[in-house]
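First comes the structure, then the notes that go with it.
By convention in this document, chain letters (A, B, ...) are assigned in the order of the sequence lines, proteins followed by strands, and residues within each chain are numbered from 1.
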There are 2 protein chains.
Amino acid sequence: MIRFNDKDYNSSAEIFFDIFDDRLKLIIIWYLKNEKLRFKELFEYLQPITKKTLTIKLKELESLNLINREVFAEVPPRVEYSLSEYGEDLKPIIDEILVWSQKYVGKFGTKI
Amino acid sequence: MIRFNDKDYNSSAEIFFDIFDDRLKLIIIWYLKNEKLRFKELFEYLQPITKKTLTIKLKELESLNLINREVFAEVPPRVEYSLSEYGEDLKPIIDEILVWSQKYVGKFGTKI
DNA sequence: CTGTATCCAACTCGATACTG
DNA sequence: CAGTATCGAGTTGGATACAG
């Protein structure tokens, strides 16, 4: 048994499934996989999304130690998000997702 | 642009995120990764879940060509689920999820 | 630009009972 | 055993307006 964030798990993989049980957090990781992005940039990539939802998801990812949040003391304000060490570690998963998707789409999708 | 199941996508990875946008489908794949399982076995592994929800998710996975459904003409009935070719292809993702989880849990989890 | 605060619609999924 | 049918609670996340 493993305890993480006040919850108990039987296997470590359950923790992954619990963290990424929503639609958005892994997609945000996907967009951050090879570049630092500002709040506004993520907001545009993820349309349709609201600022409220994006803010919540970014805070969750930050408190899970998966992304870093950098605030610049400028006007207008600038905040940049990037993968942390443990966020970077998700890249092999992302890479395999891409491999799978391309094969799957090649079989069942249609280019238009 | 890619068309898949009457929807349009900009990148193939989006299709993965769209398929696995719920909490359960990838977890079902996880349990099927190295064994064929009966409805009842999945039902027990996935507790708490209802038969209704499990049925829906299994049908979705089947219609996505990710799992196979085998019905045996017995009394009581027996139905076995297993990964299809494209379901098997998800294993590298599952493997990387396990790698990541173990490192992450090693850092932030507690064995109890 | 980067958020917060309310409000609420939609969807997921569980509880329970019943069927072939 | 392997589902289906109905109901409803809970949560996610969008619309809109406002703030620092």
Side-chain angles (χ1 to χ4, degrees), chain A residues 5-7 14-32 35-64 66-83, chain B residues 5-7 14-32 35-64 66-83:
Chain A
N5 273 1
D6 299 326
K7 289 167 70 177
E14 279 179 31
I15 293 179
F16 174 90
F17 293 124
D18 209 21
I19 289 175
F20 296 104
D21 65 347
D22 58 14
R23 193 175 53 87
L24 289 166
K25 289 206 289 295
L26 197 55
I27 298 181
I28 292 174
I29 298 288
W30 165 268
Y31 280 110
L32 291 175
E35 50 180 347
K36 210 173 273 205
L37 290 175
R38 300 182 60 163
F39 184 88
K40 186 190 178 176
E41 294 173 310
L42 280 168
F43 183 70
E44 286 165 359
Y45 283 137
L46 292 164
Q47 283 309 309
I49 194 175
T50 61
K51 291 181 228 169
K52 185 195 86 171
T53 302
L54 180 55
T55 301
I56 291 171
K57 294 302 162 186
L58 288 170
K59 279 187 177 160
E60 287 177 9
L61 285 168
E62 193 192 0
S63 80
L64 287 161
L66 296 178
I67 64 172
N68 301 312
R69 179 173 182 274
E70 250 178 310
V71 185
F72 296 84
E74 302 174 0
V75 179
R78 177 161 59 108
V79 179
E80 290 187 348
Y81 294 91
S82 58
L83 296 185
Chain B
N5 273 1
D6 299 326
K7 288 166 71 177
E14 279 178 31
I15 294 180
F16 174 91
F17 293 123
D18 209 22
I19 289 176
F20 296 104
D21 65 346
D22 57 14
R23 193 174 52 86
L24 289 165
K25 289 208 287 296
L26 196 55
I27 297 182
I28 293 174
I29 299 288
W30 166 268
Y31 280 111
L32 291 175
E35 50 180 347
K36 208 174 274 207
L37 289 175
R38 301 182 61 163
F39 185 89
K40 186 191 177 173
E41 294 173 310
L42 281 168
F43 184 70
E44 286 165 358
Y45 283 137
L46 292 164
Q47 284 309 309
I49 194 175
T50 61
K51 290 181 226 171
K52 185 194 85 172
T53 302
L54 180 55
T55 301
I56 290 170
K57 294 303 161 185
L58 288 169
K59 279 186 177 159
E60 288 177 10
L61 285 168
E62 193 192 0
S63 81
L64 288 161
L66 297 178
I67 63 172
N68 300 312
R69 179 174 182 273
E70 247 178 310
V71 184
F72 297 84
E74 303 174 359
V75 180
R78 178 160 59 110
V79 180
E80 290 186 348
Y81 294 91
S82 57
L83 296 186

(message) Considering every strand and a 4.0 Å limit on heavy-atom distances, what is the contact class for A/Tyr81: base, sugar-phosphate, or nothing?
(response)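 Counting heavy atoms under 4.0 Å across all strands, the contact made by A/Tyr81 is with sugar-phosphate only.
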Are [X] and [Y] side-chain neighbours, meaning at least one heavy-atom pair lies under 4.5 Å?
| X | Y | answer |
| --- | --- | --- |
| A/Asp22 | A/Glu60 | yes |
| A/Asn5 | A/Leu64 | yes |
| A/Leu26 | B/Phe20 | no |
| B/Ile49 | B/Lys57 | no |

(message) OP1 or OP2 of D/dC1 versus the side-chain N and O atoms of B/Arg38: is any pair under 4.0 Å?
(response)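 False: B/Arg38 side-chain N/O out of range (4.0 Å or more) of D/dC1 OP1/OP2.
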(request) Identify the heavy atoms of A/Asn68 and A/Leu83 that sit nearest to each other, and give their distance. (result)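 Shortest heavy-atom contact: ND2-O, 3.4 Å.
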(message) With side chain to side chain contact (heavy atoms under 4.5 Å, CB included) as the test, pick out the partner of A/Tyr81 among A/Arg69, A/Lys36, A/Glu41, A/Glu35.
(response)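 Filter result, single survivor: A/Arg69.
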(message) Just the rounded figure in Å: distance from P of D/dG3 to CD of B/Glu80.
(response)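 About 12 Å, once rounded to whole Å.
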(message) I'd like to compare against my own output: the B/S/- annotation of nucleotides 4-20 of chain D with a strict under-4.0 Å heavy-atom distance to protein.
(response) BBBB-----BBB----B
(request) Output the distance between atom CG (A/Leu61) and atom CG (A/Leu24), rounded to the nearest 0.5 Å. (result)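 Here the rounded value is 9.5 Å.
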(message) Does the plane of the ring in A/Phe43 sit parallel, tilted or perpendicular to the ring in A/Phe39? Use 30° and 60° as the thresholds.
(response)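 Rings of A/Phe43 and A/Phe39: parallel, as their planes differ by under 30°.
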(message) Students should find this one: the first and last nucleotides of DNA chain C, 5' to 3', lying under 4.0 Å from a heavy atom of chain B. What are they?
(response)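 Extent of the interface on DNA chain C: C/dC13 to C/dG20.
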